[in-house]
2 protein chains.
Amino acid sequence: MTKKRNVTLKEIALKLDLSISTISRALNNHPDISPETVERVNKLATELNYAPNIFAKGFRTHRTHIIGVIVPNVSHLYTSTMLKGVLDQAEHLGYRVIISESKNNENKQVEMLQTMIQFGVDGVIMSLAKKTQSIDTILQLLEHIPLVLFDKVSPKIPCTQVVINEEAAAFNAVEHLIETGKKRIAIIKETENSFNSKKRFEGYQRALKTYNLPIDEKVILSTEDISITNGRRLTNILLSLKNKPDAIFAITDNAAIGAIKALHKFKIKIPEEIAVVGFSNSINSTIVSPALTTVDQPGNKIGKTAVKYLINEIENSKPEVLFKTITVNTNLIVRDSSFKA
Amino acid sequence: MTKKRNVTLKEIALKLDLSISTISRALNNHPDISPETVERVNKLATELNYAPNIFAKGFRTHRTHIIGVIVPNVSHLYTSTMLKGVLDQAEHLGYRVIISESKNNENKQVEMLQTMIQFGVDGVIMSLAKKTQSIDTILQLLEHIPLVLFDKVSPKIPCTQVVINEEAAAFNAVEHLIETGKKRIAIIKETENSFNSKKRFEGYQRALKTYNLPIDEKVILSTEDISITNGRRLTNILLSLKNKPDAIFAITDNAAIGAIKALHKFKIKIPEEIAVVGFSNSINSTIVSPALTTVDQPGNKIGKTAVKYLINEIENSKPEVLFKTITVNTNLIVRDSSFKA
DNA sequence: AACGTTTGTGCAAACGTTTGCAATATATCT
DNA sequence: AGATATATTGCAAACGTTTGCACAAACGTT
């Protein structure tokens with residue numbers, strides 16, 4: 001493949017009878033070049049369609065204007081919504097984005113992080129792989145590069161983190177069920193206490209306490225893999241109880257959909273007999289019937305916010321950075337699975 | 001941010017009392033370095049955790065080992081499945097991936113293509129924006145860089161293209177309906193003849209002809225935006241006909257889901273009265289009830305294949321390249337919406 | 001008149017790598 | 001032994017950019 005050679009500073013310098021350094025400075029708005037010279041240089045540069053050689057530049061400046069993104073799985077709808085936000089915001093701020101999948105594998109995760117650093121990205125945005133344990137390597141790598149965590153985060157890693165108000169969102173969801181008259185609300189959550197699962201569970205507990213409802217272990221079910229199938233399976237368990245719940249709060253849309261399928265099977269009326277609420281506002285939540293009441297997570301906004309903070313860190317490297325946790329708000333979207341008007 | 005300095009060839013050279021060039025050659029398996037030297041160099045290199053400075057390298061070689069991907073919208077499930085394939089295969093072959101969205105905007109599309117080229121990617125994989133008209137700029141840019149089109153392609157662009165067997169897939173889908181005894185099969189397609197829509201329509205027509213069924217314009221409906229809502233709307237039109245169809249082939253899962261919703265509304269039995277078949281095997285197709293019969297498009301494989309061909313073109317730049325169209329096979333997945341066992 | 005200041009520009013080194021060519025040492029051949 | 005081939009290695013240039021420093025001219029200040 002014969003790529004045409006690009007215009008260089010040298011050529012411009014030659015044509016204008018100036019030195020290379022002057023051209024460089026003119027194009028970079030260096031203060032001590034005279035306005036007229038800047039003018040002339042800019043004119044010719046655009047005329048010749050000059051574009052700086054990104055490698056020579058990166059080589060000198062150690063800046064690439066690339067940010068890396070590492071997520072467990074790109075093909076989850078929610079993830080790709082966040083990616084969209086990242087891409088938009090990055091482009092807007094003049095950065096490009098390299099994306100990798102950790103596939104929820106911890107080793108792969110640090111490996112990707114390493115190659116990205118080695119590759120020279122200016123910063124990394126990451127959503128942690130499930131069961132991320134060995135924080136050590138990550139902590140080490142943190143010395144090399146600015147990192148922002150989003151979605152799946154960990155308080156053990158000292159860096160900026162962008163999350164939704166998991167706890168409050170769960171609280172609202174459960175509160176909504178209580179307000180519609182439900183008294184025995186089950187929860188389907190994850191076994192291992194991922195950050196998200198834990199927070200949502202806390203919100204669930206707080207809601208029950210606030211409204212003086214008993215917390216009953218029997219209707220608190222957990223699963224390793226929070227999928228449709230497991231949502232269904234756990235719901236079957238709930239249905240086998242003597243004292244059945246009158247509502248199910250599933251920590252995930254998929255689990256909620258599984259629940260609905262199980263309830264369908266037993267011809268149980270939703271929401272009259274048992275109401276269901278999910279979490280994510282995935283497309284599926286509108287397709288299942290009855291349509292699912294769920295928590296809308298603004299993935300787009302999360303992505304954008306993460307980029308904004310990362311680039312801020314990259315560009316204003318203060319000696320003492322204060323790492324914040326940024327919370328993006330969610331909305332409860334009420335549909336037929338919990339309340340019929 | 002204080003990035004730690006990396007190990008360089010120079011340091012290795014110093015420690016081994018060899019020249020920089022020898023080190024470089026040893027690490028690149030150049031044939032005229034003695035085996036022992038190669039051994040020593042490799043040993044020390046891994047020991048020091050040497051990683052070549054990607055910028056110095058790209059600077060010299062004009063190779064970045066990055067490939068660019070441009071798609072209309074990352075947050076479509078099918079797209080993100082293809083992306084997954086791209087990421088996997090690229091990583092496997094030692095490349096990294098930069099992703100951009102064209103947002104189905106033609107100008108944005110060429111703009112992205114340009115910045116990617118300017119940025120120095122080794123090649124680009126692209127799925128065309130809807131209504132891509134001005135092929136000219138793309139043809140020009142083609143001189144600068146290897147390009148592979150996938151999914152949304154155009155025969156007007158002379159480059160390798162990776163697609164599914166749209167026509168045959170549609171044929172099979174319609175054939176399946178005919179085999180279950182359906183005689184009046186409607187189709188819901190796109191107004192503008194996108195490559196995909198056109199091919200699928202051709203398959204539809206061929207199937208009817210093959211089985212000597214009449215082609216009736218009345219049950220051939222089109223829409224600009226092939227969404228759930230429009231699937232529903234067009235199905236309502238079909239239901240208002242005197243002579244109703246006994247099956248609907250929707251060119252897209254979403255349209256098919258819209259159709260199912262419309263049929264539900266009128267309490268029409270699926271598939272007994274009217275069967276429905278979609279296209280894509282999106283997750284939704286299993287969530288809707290009855291579960292949707294659909295064409296499984298192996299997005300993953302398409303992504304992988306595209307990368308394979310692109311990298312082949314990048315690495316073996318023959319003077320005369322023969323541009324192929326690669327066809328990836330699909331499967332019809334039969335579910336309850338068309339046939340109950 | 002001599003000096004400092006400011007303004008605009010150029011020189012040349014540096015970043016880390018690859019690579020054509022030269023150089024040396026060793027082996028092979030007459 | 002002398003000459004020629006072969007196997008290893010080193011030298012130095014080149015890639016395009018940025019940047020510390022030096023320089024010159026023009027001006028204002030004593």
Side-chain angles (χ1 to χ4, degrees), chain A residues 2-42 44-45 48-66 94 117-120 122 144 315, chain B residues 2-42 44-45 48-66 94 117-122 315:
Chain A
T2 45
K3 301 186 189 179
K4 290 190 192 167
R5 265 211 345 91
N6 281 322
V7 186
T8 72
L9 289 184
K10 197 172 173 183
E11 298 174 40
I12 299 183
L14 238 53
K15 296 210 181 179
L16 292 181
D17 199 25
L18 288 168
S19 76
I20 296 179
S21 27
T22 302
I23 309 297
S24 170
R25 281 188 259 251
L27 290 171
N28 291 312
N29 299 315
H30 205 284
D32 31 80
I33 301 297
S34 76
E36 328 144 36
T37 311
V38 171
E39 169 90 5
R40 287 171 64 212
V41 172
N42 280 330
L44 186 61
L48 295 180
N49 216 336
Y50 169 79
N53 179 315
I54 199 104
F55 284 93
K57 196 163 185 161
F59 182 33
R60 272 291 303 188
T61 60
H62 291 157
R63 285 285 306 281
T64 61
H65 280 253
I66 302 183
I117 291 173
Q118 177 196 126
F119 179 78
D122 289 346
H144 292 261
E315 300 189 343
Chain B
T2 45
K3 301 185 187 178
K4 289 191 192 165
R5 265 215 342 94
N6 281 321
V7 185
T8 71
L9 290 185
K10 197 172 173 185
E11 297 174 40
I12 300 183
L14 238 53
K15 295 210 179 177
L16 291 181
D17 200 23
L18 286 168
S19 75
I20 296 179
S21 26
T22 303
I23 309 297
S24 170
R25 282 188 261 252
L27 290 172
N28 290 311
N29 300 315
H30 205 283
D32 42 59
I33 300 296
S34 77
E36 327 143 36
T37 310
V38 172
E39 168 89 6
R40 288 172 61 213
V41 172
N42 280 330
L44 186 60
L48 294 180
N49 216 337
Y50 169 79
N53 178 316
I54 200 100
F55 284 93
K57 197 164 185 159
F59 182 35
R60 271 291 301 188
T61 59
H62 291 162
R63 286 284 307 281
T64 62
H65 281 253
I66 302 183
I117 291 174
Q118 178 196 127
F119 180 77
V121 299
D122 288 348
E315 298 189 344

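Quick note: numbers below take in every heavy atom, side chains included, and nothing from hydrogens, waters or symmetry partners. Just so we're on the same page: letters track the sequence lines, and every chain starts at 1.
- Annotation: proximity of residues 22-39 of chain B to DNA chain C (heavy atom, distance under 4.0 Å) is found for B/S24, B/R25, B/N28, numbered in ascending order.
- Computed from coordinates, the B/K10 NZ to D/dA12 P distance equals 14 Å when rounded to whole Å.
- Mapping B/L18 and A/L9 onto DNA chain D by nearest heavy atom places B/L18 closer to the 5' end of the strand.
- The closest side-chain heavy-atom distance from A/V41 to A/L18 is below 4.5 Å.
- Summarising the geometry, atom CD1 belonging to A/I23 is positioned 10.0 Å from atom CG belonging to A/L14; distances are rounded to the nearest 0.5 Å.
- With contacts defined as side-chain heavy-atom distances shorter than 4.5 Å, the pair A/R63/A/E315 qualifies.
- Distance B/F59 CZ to D/dC15 C1': 4 Å, rounded to the nearest Å.
- Base-pair partner of C/dT28: D/dA3 (Watson-Crick or G-U wobble, both distances under 3.5 Å).
- Remark: side-chain polar atoms of A/T61 are paired, donor with acceptor, to backbone N or O of A/K57 under 3.5 angstrom.
- Two residues are said to be in side-chain contact when any heavy atoms from C-beta on lie closer than 4.5 Å; A/N49 and A/V7 fail this criterion.
- Here the CZ-OG1 distance, from A/R40 to A/T22, works out to 10.5 Å after rounding to the nearest 0.5 Å.
- At a non-hydrogen distance threshold of 4.0 Å, B/Y50, B/P52, B/N53, B/A56, B/K57 from residues 50-57 of chain B come into contact with DNA chain C.
- Nucleotide C/dT9 holds its C1' atom 12 Å from the CZ atom of A/R40, rounded to whole Å.
- Two residues are said to be in side-chain contact when any heavy atoms from C-beta on lie closer than 4.5 Å; B/N53 and B/T8 fail this criterion.
- One atom, CD1 of B/I20, and another, P of D/dT8, lie 22 Å apart when rounded to the nearest Å.
- Both distances falling under 3.5 Å, in either a Watson-Crick or a G-U wobble arrangement, place C/dC3 opposite D/dG28.
- Between the CZ atom of B/R60 and the C1' atom of C/dT18 there is a distance of 4 Å, given to the nearest Å.
- In terms of polar N and O atoms assigned as donor or acceptor, the side chain of B/S21 comes within less than 3.5 Å of the base of D/dC11 in a complementary pairing.
- Rounded to an integer number of Å, the gap from CG of A/L16 to C1' of C/dT9 is 14 Å.
- For the pair A/D122 and A/I66, the minimum side-chain heavy-atom distance is 4.5 Å or more.
- In this structure the side chain of B/L9 reaches within 4.5 angstrom of the side chain of B/L27, judged on heavy atoms.
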